[in-house]
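To start, the structure under review is shown below, and the notes come after it.
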There are 2 protein chains.
Amino acid sequence: MVSKLRQDITAKSKSAGGALGGLRMTRQRKLVYDVLLDERDHPTATEVFIRSKARMSSISLATVYNCLETLSAAGLVKQVNVGRDASRYCPNLAEHAHFVCVKCEKVYDIGLKCNEEVESVWALPEGSRIDHLEVAMKGLCAECNGGDKRSGKMEEQV
Amino acid sequence: MVSKLRQDITAKSKSAGGALGGLRMTRQRKLVYDVLLDERDHPTATEVFIRSKARMSSISLATVYNCLETLSAAGLVKQVNVGRDASRYCPNLAEHAHFVCVKCEKVYDIGLKCNEEVESVWALPEGSRIDHLEVAMKGLCAECNGGDKRSGKMEEQV
DNA sequence: TTGATATCAAGAATTATTCTAAATAAAGAT
DNA sequence: ATCTTTATTTAGAATAATTCTTGATATCAA
Ligand SMILES: [Mn+2]
Ligand SMILES: [Mn+2]
Ligand SMILES: [Zn+2]
Ligand SMILES: [Zn+2]
C-alpha cells in the first residue's frame, strides 16, 4: 500500500484502487506531501496548513489533518511527538530519532550510527513484538550551546 | 533539590524551605506520590486523581495536576508520554524506556541492558547538549502476542 | 497571634485534535 | 460526454487533556 500511494505521488495522480478501498492521490494530499518535502523542518499541522494555504487558498485545516493522517497511515510520512507539544510531521522514512533544541526550538533528525540498532541497548521482554519506536531528545543544539565543550552528555540520573 | 524534597517525603512532612522558594511536602503531594509508589502501572493524571480521591475525598483534579507537575519538576517522578495519549506518571527514577501493549494497554518499564548506554547507538551532533531523552515503544506484549515466535523484532522500514 | 507566602480547589479557558454532515470531486461505466 | 458511485473536502461543532484564574486555606516564621 505504501508503494502504491508513492508511485501515484511521483507519477501522475491516478487512483490507488482496490486494496484499501481505493486511496486517491488528490491535489490536497499531494500538496501536503510536497510541503513536507520542501522544508524538512518538522512543521506542525497548523504550520503545514499555513504553507499549504499559500499555494491553495481553499484548503482547510481539517483537510490538512486528514491528509497528514492518510499519509502517515500509508507510511509516507512520520508523525513526530516530543513531549506534550503538538505533533510534527516528517517525510524522512529512515529510522531516526528527534532532537529538539529548547532554546531555538529547531527539530533535528538524529540518525543511527553505522551498524548499530536501537533495540540492542534495551532489555526487551522475551516474546513481545515491537511495531513502533519513538525516540525524542531535548537539550541545546550546538549553536545554542556555544562555548560549552562538554558535548553530547546526558545529565546524570538520580 | 531532589534529595531535599525526597528526604522530606520519607521523613516527616517538614518544609523544604530556601532554594526553590520553599517547597512544602503537603498531604496532597505525599498522597499523590504514594499513589504512584503503590501501584506502579503508570496511571494517567485522571487515574491518579481517582485513586487519590479514594483516600482523600477533598482532593481536586487541579491539585493532582499541580502535584504531579511539582513532583516531576523536583525529579521524584517521571512524566511519560507515548504518542498523543494522556501523560502517564512513573516513580521509577532509573533510566528506562516504556513499552505499551496496543492490545491490553499495559505499560511496561524497559531497562537498559548491562553496560549499554542509549546514546551509543545515535549519531549525536557534536557540540550539542542532551538534557532529556524519552523512548517509547508500541506493540504486543508477550501475553498478547501468544504463539508468535518472532519476538522482539521491529517491523522493517521502507 | 500575626503577617507573609505557598498551596489548594472549583470552574473557566485554552489548545490540539477529532467528529459530523453536507457539498464537491474523482473514477469507472454507459 | 453523462451518469453513478464512492472517496474526499470543508466548515464548524465537539472533545479531551491540560492550564489558568481566583478566592479560600493552610503553613511557616517571627
Ligand atoms: Mn524527522
Ligand atoms: Mn516507567
Ligand atoms: Zn538551538
Ligand atoms: Zn498486552
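Residue numbering restarts at 1 for every chain, and letters A, B, ... go by the order of the sequence lines.
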Report the distance from atom CZ of A/Arg29 to atom P of C/dA25, rounded to the nearest whole Å. 15 Å

For the pair made of CE in A/Met25 and P in C/dA27, what is the distance, rounded to whole Å? 11 Å

Given C/dC8, D/dT10, D/dC20, the nucleotide with the shortest approach to the side chain of B/Ala62: D/dC20

Which residues share a ring-ring contact (aromatic ring centres under 6.0 Å, His included) with B/His98, sequence neighbours left out: B/His42, B/His96

Expressed in angstrom and rounded to an integer, what is the separation of A/Met56 atom CE from D/dT10 atom C1'? 13 Å

So what does B/Asn66 touch, heavy atoms closer than 4.0 Å: a base, only the sugar-phosphate, or nothing? nothing

Check whether B/Lys106 reaches the backbone of B/Asp41 with its side chain - one donor and one acceptor, N or O, closer than 3.5 Å. no

Listed once per pair and sorted, the salt bridge (charged side-chain N to carboxylate O under 4.0 Å, His left out) pairs that draw on residues 52-65 of chain B, sequence neighbours left out: B/Asp38-B/Arg55

B/Arg24 side chain N/O closer than 4.0 Å to the phosphate oxygens (OP1, OP2) of D/dC28? no

By the salt bridge (charged side-chain N to carboxylate O under 4.0 Å, His left out) test, which pairs, at least two apart or in different chains, include something from residues 57-71 of chain B? none

Separation of atom CD1 in B/Ile59 from atom P in C/dT7, rounded to whole Å: 14 Å

Establish, with yes or no, whether the OP1 or OP2 oxygen of C/dC8 is under 4.0 angstrom from a side-chain nitrogen or oxygen of B/Thr26. yes

Could you tell me which residues satisfy side-chain hydrogen bond (donor to acceptor under 3.5 Å, both in side chains) with A/Asn66, sequence neighbours excluded, listed by chain and number? none

When you check the side-chain N and O atoms of B/Thr63 and B/Gln28, is any donor under 3.5 Å from an acceptor? no

Is there a path of hydrophobic side-chain contacts, each under 4.5 Å between heavy atoms of I, L, V, M, F, W or Y residues, that connects A/Ile50 with A/Met56? no

Respond yes when some side-chain nitrogen or oxygen of B/Ser60 is under 4.0 Å from OP1 or OP2 of C/dC8, and no when none is. no

Per-nucleotide protein contact string for nucleotides 13-18 of chain D (B base, S sugar-phosphate only, - none; heavy atom under 4.0 Å): ----SB

Whole-Å gap separating C1' (D/dT9) and NZ (A/Lys53): 12 Å

Quick one: does A/Lys138's side chain have a donor or acceptor within less than 3.5 Å of a partner on A/Val82's backbone? no

At how many degrees, to 10°, do the end axes of the helix from C/dT1-D/dA30 to C/dT30-D/dA1 meet when each uses five pairs? 30°

Just how far, in rounded Å, is P of C/dG28 from CG of A/Leu23? 14 Å

Atom-pair distance (CZ on A/Arg27; P on C/dA26), nearest Å: 7 Å

Specify the separation, in whole Å, of atom CG of A/Leu68 and atom C1' of C/dT18. 14 Å

Tell me whether B/Asn145 contacts the main-chain N or O of A/Gly127 through its side chain, where contact means a donor paired with an acceptor under 3.5 Å. yes

Contact under 4.0 Å: B/Gln28 side-chain N or O vs D/dA26 OP1/OP2: no

